[in-house]
Amino acid sequence: MTREDAEAAAEAPRQLSLLSGFPPRPPRPDTKGVGAALLAEPDPVARVLLDTHVPHLDRAFDYAVPAELADTAVPGARVKVGFAGQELTGYVLERAADSEVMARIQPLRRVLSPLPVLTPEIALLAEDIAARAAGTTADVVRLAVPPRVARVEKEVEQRLAEAPGHSTGLSPHVPGPSHDAALADYAGGPEFLAELGAGGAPRAVVEVLPAHPAHDWTDVLAAAIGAAWRAGRGAVAVVADQKALARLERSVVDEIGAEHLVRLHAEDGPTPRYRAFLAAATGQVRVVLGTRSAAYAPVDDLGLVACFDDGDENLVEQRAPYQHVRDVLLLRAGRSGCGALFAGHAVSPEAQRLVVSGWARRLAPAREVLRVHMPRIVSTADSFHAARDPLASRARLPETAYRAAREGLERGPVLVQVARAGYAPHLACERCREPARCTACDGPLGVVSRRGVPRCGWCGRSAHSWACAACGSRRMRLVTVGALRTAEELGRAFPQVPVVASSGEAVRAEVPGSPALVVATPGAEPVAEGGYAAALLLDGNQMLMRPALRAAEQTLRRWFNAAALVRRARDGGVVVVTAEHESAVGAFVRWDPAGHAERELVERQALGLPPAVRSAALTGPAAAVAAFLADLELPAAVRVIGPTPLEDHGAGPDGGRPRTGRCCSSATAWPGR
């Protein structure tokens, strides 16, 4: 080795420390020539994924396995390693016989637990998701593996030591009722269950019937989970929130028994969540239900992945790399070769694309069956009702909706869906109608109660001395009405009827079947015993006019989900929708979610919008965005839109306003890519 090579080798550790953000570490001892008796045999090398946020460390690093750690440093185990003078946590990805850097390799410092919390399947899945969503594998693993609770690990290790090989989830049969009849009304439903029960991997998109007196969406998922479980295979089912999870858990418990499943949900607390996770990781159970993170549950011999209402925005991860549960399950189904089921009262364009491409089959009831179970849907914007009530387009509660509520209260509870939570989220100047803005941060002003003081929705400051910047007036008017204000108005209109609010932080899961007005925001609608007698879907135009690509799709999904809680038309169930959007309202009145999704998909393909294309947005100062795009060397097939100025969020570090560029490319043929 020349003198220059020796100096470069000595400088490399310091450069790596500067790039990683850690302080320089002291020189490492040279382990060349370490006796074989001091290292594990066989496979003395562990490839470790570091739990770090540094992007350029997103790869495996080799470490020597001391002989005393040979039996505990198994693939998937949590370990402590030295890196750049720091002690970091990592996961053993695999054991190997040799390493390219064997002469200077460091040993593992210790094994935190021999339990395999990061299975090989989930590690490979995390790599796929990171590559797809332009993130790092460590960020995905941090979402997939819950925080460690040492006491729970000791409990599981002791239990496994006392009863090695014991598992409560491997029994092929369980006595009790079955929900197989839940798919009897769907064309192809019995065949789907039969193929799943025979060990196959069918994939389907299910358009769930509304207001079924015997089987709801939870029974559809429970039937599929039970078929996979009785075949000796595992299942993972993901829902959007705690309310839906509680309903699904009850149905699956009826199907296979409570001892054969666990639930993963952050609100259960760190200890119960980690205990449930380890039960799946160690093979004690093979069925996992939960919210977003449950999509990564380490289930043995996975036979089915399922998701309800894949269009729900709660299924999008709020942390980097911001992946969607639907994409996670698609990648997992493709990698493991298991069955897949996406169910919902509405159909997202992405789910419809799975059907159109042939990746999944469509399971839907026949029209005559659908007509039996759906409620009667009335639009106040059609010609008949517009002629009877000329002011219906201006009134928030038209006469048709008021009459439906009054008649419905004679039979049971009435659901009222409103767009926003709170009392009055937005205010405006009474004289010139200019939006009322905070004088400190320019945020929107609103009130949280009838006698509340206007406050800023951004900084929380009170607006005692507010004056309109345009005309100087000090008087305000309501622009948007929230759930609390709506409940107050309905309470005055129906003084003898109890009013129940479900929105924001106070979400009700269930309400009794007695007459009551239930005011709820989208997604917070409680389930009524015996179903609602009527439903009023207010603020439809406001939801449809949002400046977003998915405004019509999301509004229609919320309507379908609310209408599915209403009794059948033959039982007096009626739904009144107050909106004028011809396409969305028409699809809702006909109860045609797949038709609307297919039209959305065709339009987006023509316009080059997702899911027909994949897109990525870059945000930053204009010079930085331009330099980044130049370094990317994008192929000619990729279309670059922008840069365009963002909203006023303050000056960037170079004195200019932040800008964004958006890159779009055509989607590949396989929908999971």
Side-chain angles (χ1 to χ4, degrees), residues 13-14 16-31 34 38-96 99-120 122-123 126-127 136-158 160-161 270-271 273-275 277-278 281-282 296 298:
R14 191 181 73 85
L16 181 60
S17 300
L18 293 175
L19 289 172
S20 63
F22 296 119
R25 64 183 179 189
R28 295 175 296 184
D30 189 356
T31 58
V34 175
L38 300 179
L39 296 180
E41 287 295 342
D43 300 331
V45 177
R47 294 198 165 94
V48 177
L49 174 69
L50 300 179
D51 186 6
T52 174
H53 294 278
V54 184
H56 61 264
L57 300 181
D58 185 29
R59 61 186 180 88
F61 291 86
D62 290 355
Y63 286 86
V65 181
E68 62 270 18
L69 302 180
D71 296 332
T72 56
V74 297
R78 272 193 178 102
V79 295
K80 284 289 187 179
V81 298
F83 190 88
Q86 301 288 323
E87 186 176 70
L88 300 180
T89 303
Y91 301 91
V92 177
L93 297 180
E94 61 178 343
R95 294 275 292 272
S99 171
E100 295 179 356
V101 293
M102 202 67 187
R104 304 184 65 249
I105 195 170
Q106 290 190 79
L108 297 175
R109 294 192 176 181
R110 66 179 184 275
V111 176
L112 296 178
S113 172
L115 297 175
V117 294
L118 181 62
T119 62
I122 302 304
E127 292 179 4
T136 65
T137 305
D139 284 341
V140 179
V141 170
R142 203 172 295 115
L143 301 171
V145 181
R148 178 174 180 250
V149 181
R151 178 169 57 84
V152 176
E153 288 181 339
K154 293 179 180 179
E155 294 174 2
V156 175
E157 291 175 18
Q158 182 178 358
L160 294 176
T271 299
R273 181 187 177 194
Y274 196 53
R275 184 178 288 112
F277 175 83
L278 290 182
T282 56
Y296 308 94

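Residue numbers run from 1 in the order of the sequence given.
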Trainee: For residues Ala138 and Leu50, report the shortest heavy-atom separation together with the two atoms involved.
Mentor: CB-O, 3.6 Å

Trainee: Using side-chain contact (heavy atoms from CB on, under 4.5 Å) as the criterion, point out the one residue from Leu118, Val140, Thr119 that pairs with Tyr296.
Mentor: Val140

Trainee: Any side-chain heavy atom of Phe277 within less than 4.5 Å of one from Val152?
Mentor: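 With C-beta onward as the side chain, the pair stays apart.
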
Trainee: Which atom names give the shortest non-hydrogen contact between Ser99 and Asp62, and what distance separates them?
Mentor: OG-OD2, 2.6 Å

Trainee: What is the minimum heavy-atom distance between Ala123 and Leu93, and which atoms define it?
Mentor: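 Looking at all heavy atoms of both residues, the shortest contact is CB-CD2, 4.0 Å.
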
Trainee: Report the distance from atom CG of Leu49 to atom OG1 of Thr89, rounding to the nearest 0.5 Å.
Mentor: 11.5 Å

Trainee: Between atom OG1 of Thr52 and atom CZ of Phe83, what is the distance when rounded to the nearest 0.5 Å?
Mentor: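 It comes to 8.0 Å.
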
Trainee: Please check if the number of heavy atoms outside Glu100 that lie under 6.0 Å from its CD is greater than 12.
Mentor: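 12 or below, so no.
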
Trainee: If you take all heavy atoms of Pro114 and Glu157, which pair is closest and at what distance?
Mentor: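 Minimum heavy-atom contact is CD-OE2, 3.3 Å.
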
Trainee: What I'd like to find out is whether the side chain of Pro270 reaches to under 4.5 Å of the side chain of Pro147, using heavy atoms alone.
Mentor: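 No, every pair of side-chain atoms sits at 4.5 Å or beyond.
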
Trainee: Show the nearest heavy-atom pair for residues Leu108 and Pro66, with the distance to one decimal.
Mentor: O-CG, 3.9 Å

Trainee: Do the side chains of Leu115 and Thr282 get nearer than 4.5 Å, heavy atoms only?
Mentor: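 When only atoms from C-beta onward are counted, Leu115 and Thr282 do touch, with a gap below 4.5 Å.
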
Trainee: Under the rule for side chain to side chain donor-acceptor pair (under 3.5 Å), what residues qualify as partners of Gln158, not counting sequence neighbours?
Mentor: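 Per chain and number, Gln158 pairs via side chain to side chain donor-acceptor pair (under 3.5 Å) with Glu162.
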
Trainee: For a side-chain contact (heavy atoms from CB on, under 4.5 Å) check, start with the C-alpha distance between Met102 and Val45, then their side-chain angles and the critical distance, and finish with the verdict.
Mentor: CA-CA 9 Å; Met102 202 67 187; Val45 177; 3.7 Å; yes

Trainee: In Å, rounded to the nearest 0.5 Å, how long is the span from NZ of Lys80 to CD of Gln86?
Mentor: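 Interatomic distance, Lys80 NZ to Gln86 CD, rounded to 0.5 Å: 10.5 Å.
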
Trainee: Using a 4.5 Å cut-off on heavy atoms from C-beta on, say whether the side chain of Asp51 contacts that of Leu88.
Mentor: no

Trainee: Are the side chain of Arg148 and the backbone N or O of Ser113 linked by a donor-acceptor pair below 3.5 Å?
Mentor: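 Absent.
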
Trainee: Mind checking the CZ-CZ spacing from Arg275 to Arg151? Nearest 0.5 Å is all I need.
Mentor: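 Those atoms lie 6.0 Å apart.
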
Trainee: Can any side-chain N or O of Arg47 pair as donor or acceptor with the backbone N or O of Ala60 at less than 3.5 Å?
Mentor: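 No: the side chain of Arg47 does not pair with the backbone of Ala60.
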
Trainee: Supply the atom-to-atom distance Ile122 CD1 to Glu127 CD, rounded to the nearest 0.5 angstrom.
Mentor: 12.0 Å

Trainee: Could you pull out all donor-acceptor pairs under 3.5 Å where a side-chain atom in residues 69-79 meets a protein atom, sequence neighbours excluded?
Mentor:
unit_1, atom_1, unit_2, atom_2, d
Thr72, OG1, Leu69, O, 3.4
Arg78, NH1, Tyr274, OH, 2.9
Arg78, NH2, Pro146, O, 2.8

Trainee: Considering only heavy atoms from C-beta outward, does the side chain of Val81 approach that of Phe61 to under 4.5 Å?
Mentor: no

